[in-house]
Amino acid sequence: MKAVRYDRFSGIDGIYLADVPEPVAGPGEVVVRVEAGALNPGALPALHGSSYTPGRDLAGEVVGVGADVLDFTVGDAVLGRLQSWDAHAQFVAVPAVQLVSKPQALSWDVAGSLYTTPMAGLGAVRAVEPRPGETVVISGASGGVGFTAAQLALRAGATVVGLTSDAHVDLLRRHGIQPVRYGDGDGEQERILATTDRVDAFIDAVGGGYIDLAIDLGVPRDRIDTVVDYRGAKEKGVKSLGTNDAGGTPALAGLAALAAAGDLHIPIAATYPLTAVPDAYQALADRKTHGRIVLHPQDLA
């Protein structure tokens, strides 16, 4: 079978396909025939100077079941994560505890995009605990983490102000998010305050000074969360909760149910066959699209 590998320490150009043995399910594992798996921006910085296989999210069909697995059988449709980051492959062996059942109404592409980035958005929302009537500001509100966080904060009853580029203003408005154009230093704070008279919570999905902006806006430090600026969070006493703090597989199942019901929009920007994985990562690096970029491991065209 084919699997993505990276051990040449040369950025995107070092990603390649290798022929590897098909996995066998060990105790507590299932083998999944992977139908879709999203790329995540957090993988890009690691593609220099380290041996790293960049893939965690997956969705597919169970084709093998190991001993002690009670929750899944052959033929089940599942989604989840591979903790070892080897999910960009035609078949993977996955601990059953890292998977949930895929709702029938959910597309493979969305199912294979739900773990790393949307769960980071959920973790951030849980960190700041938005309440009805409050206002939450989200930097990077049109990105994968921010867009999910904005929708979940709206579901909690909060008003959401989303910092975004001019290109995504209409997108945010269509989803009930109040857009504010980012950039221009102090002008950004003024534009936020022209939209709302107070900010109760702040989620940073961008980094680069947004913790300081949140503090300047008067947001209590225990209601500021960043999923990017971990050093700044430690220095300034704010939260840095994300994917691993969202609630695990029960929370993932909840996101899948919301997406299947049409109550959580996970946009898909583009899909690529496994043979075009460098092109897929280049598209991710170019950041010219809104939505997830997804690999189809069974497509070797």
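The first residue of the sequence shown is numbered 1, and numbering continues consecutively from there.
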Practice prompt. May I ask you to decide if Thr116's main-chain N or O and Thr243's side chain share a donor-acceptor pair within less than 3.5 Å?
Written response: yes
Response to the item:
So CG of Asp166 and OH of Tyr182: to nearest 0.5 Å the spacing works out to 8.5 Å
Worksheet entry | Side-chain (Arg5) to main-chain (Ala18) donor-acceptor, under 3.5 angstrom | no
Worksheet entry | Heavy-atom closest pair, residues Ala149 and Gly121 | CB-O, 3.8 Å
Fill in: Short side-chain donor-acceptor distance under 3.5 Å, Arg56 and Gln83
yes
Worksheet item: Does Tyr115 reach the main-chain N or O of Gly112 with its side chain, forming a donor-acceptor pair under 3.5 Å?
Response: no
Worksheet entry | Pair Arg81 + Asp57: basic N to acidic O under 4.0 Å | no
Worksheet item: Would a hydrophobic clustering, with Ile, Leu, Val, Met, Phe, Trp and Tyr connected at side-chain separations under 4.5 Å, put Val136 with Leu122?
Response: yes
Worksheet item: When you measure from the side chain of Asp225 to the backbone N and O of Leu241, does any donor-acceptor pair fall under 3.5 Å?
Response: yes
Worksheet item: Is the closest side-chain heavy-atom distance between Val238 and Ser240 below 4.5 Å?
Response: no
Worksheet item: Any idea which heavy atoms bring Ala77 and Trp108 closest together, and the distance?
Response: CB-CH2, 3.8 Å
Worksheet item: Between the side chain of His290 and the main-chain N/O of Ser142, is any donor-acceptor distance below 3.5 Å?
Response: yes
Item to complete: May I ask you to test the Val128-Asp200 pair for a side-chain heavy-atom distance under 4.5 Å?
Response: no
Worksheet entry | Salt bridge Glu134-Arg223, side-chain N to carboxylate O under 4.0 Å | yes
Discussion item. With a 4.5 Å cut-off on side-chain heavy atoms, are Val97 and Thr249 touching?
Written reply: no
Item to complete: Say whether His88 and Tyr6, considering side chains only, have a donor N or O and an acceptor N or O under 3.5 Å apart.
Response: no
Item to complete: Can you measure from CG (Leu70) to CG (Asp68) and round to the nearest 0.5 angstrom?
Response: 7.5 Å
Worksheet item: Does Arg191 use its side chain to pair, donor to acceptor, with the backbone of Arg181 at less than 3.5 Å?
Response: yes
Fill in: Under 3.5 Å: donor-acceptor pair, side chain of Ser139, backbone of Ala205
yes
Discussion item. Hydrophobic clustering (ILVMFWY, side-chain heavy atoms < 4.5 Å, transitive) - are Ile177 and Val169 grouped together?
Written reply: no
Discussion item. How close do Tyr272 and Ala283 get, counting heavy atoms only, and between which atoms?
Written reply: OH-CB, 3.3 Å
Worksheet item: Same cluster or not: are Leu39 and Leu17 linked, directly or through other Ile, Leu, Val, Met, Phe, Trp or Tyr residues, by side-chain heavy atoms under 4.5 angstrom apart?
Response: yes
Worksheet, complete the sentence: In short, Pro297 meets Gln90 closest at the heavy-atom pair O-CG, 3.2 Å
Worksheet item: Is any side-chain heavy atom of Leu172 less than 4.5 Å from a side-chain heavy atom of Gln178?
Response: no
Worksheet, complete the sentence: Residues Val160 and Ile138: closest non-hydrogen pair is CG1-CD1, 3.9 Å
Worksheet item: Any ion pair linking Lys236 and Asp212 (charged N to carboxylate O, less than 4.0 Å)?
Response: yes
Practice prompt. Mind checking the CG-OG1 spacing from Leu295 to Thr275? Nearest 0.5 Å is all I need.
Written response: 9.5 Å
Worksheet, complete the sentence: When rounded to the nearest 0.5 Å, the distance separating CZ of Phe202 from CG of Leu163 is 5.5 Å
Item to complete: Carefully, step by step, assess Val125 and Ile203 under the rule side-chain contact (heavy atoms from CB on, under 4.5 Å).
Response: CA-CA 8 Å; Val125 169; Ile203 293 172; 4.0 Å; yes
Worksheet item: Are any of the side-chain heavy atoms of Ile268 and Val110 separated by less than 4.5 Å?
Response: yes
Worksheet item: Distance-only, no hydrogens or angles: does the Thr196 side chain make a donor-acceptor pair with backbone N or O of Ile192 under 3.5 Å?
Response: no
Practice prompt. Find out if a path of hydrophobic residues (ILVMFWY) with successive side-chain heavy-atom gaps under 4.5 Å connects Val78 to Leu252.
Written response: no
Fill in: Spacing of Thr226 atom OG1 and Lys239 atom NZ [to the nearest 0.5 Å]
13.5 Å
Item to complete: Look at the side chain of Gln298 and the backbone N and O of Glu35, then say whether any donor-acceptor pair between them is shorter than 3.5 Å.
Response: no
Discussion item. Contact between Leu258 and Leu152 at the side-chain level, heavy atoms closer than 4.5 Å - yes or no?
Written reply: yes
Response to the item:
Heavy-atom closest pair (Leu106 atom, Ala260 atom, distance to 0.1 Å) is CD1-N, 3.7 Å
Worksheet entry | Arg231 atom CZ, over 12 foreign heavy atoms within 6.0 Å | no
Worksheet item: Heavy atoms, side chains only, cut-off 4.5 Å: are Leu171 and Thr164 in contact?
Response: no
Worksheet item: Taking a hydrophobic cluster as the set of Ile, Leu, Val, Met, Phe, Trp and Tyr residues connected by side-chain heavy atoms closer than 4.5 Å, whether directly or through intermediates, do Val69 and Val31 fall within one such cluster?
Response: no
Worksheet entry | Heavy-atom donor-acceptor pair, Arg33 side chain to Glu61 backbone, under 3.5 Å | no
Worksheet item: Should Leu255 and Leu264 count as side-chain neighbours, where that means a heavy-atom distance under 4.5 Å?
Response: yes
Practice prompt. Assign the ring pair His175 / His265 to parallel, tilted or perpendicular, where the plane angle (0 to 90°) is split at 30° and 60°.
Written response: parallel
Worksheet item: Quick one: CZ on Arg221 to CD1 on Ile211, what's the gap to the nearest 0.5 Å?
Response: 9.5 Å
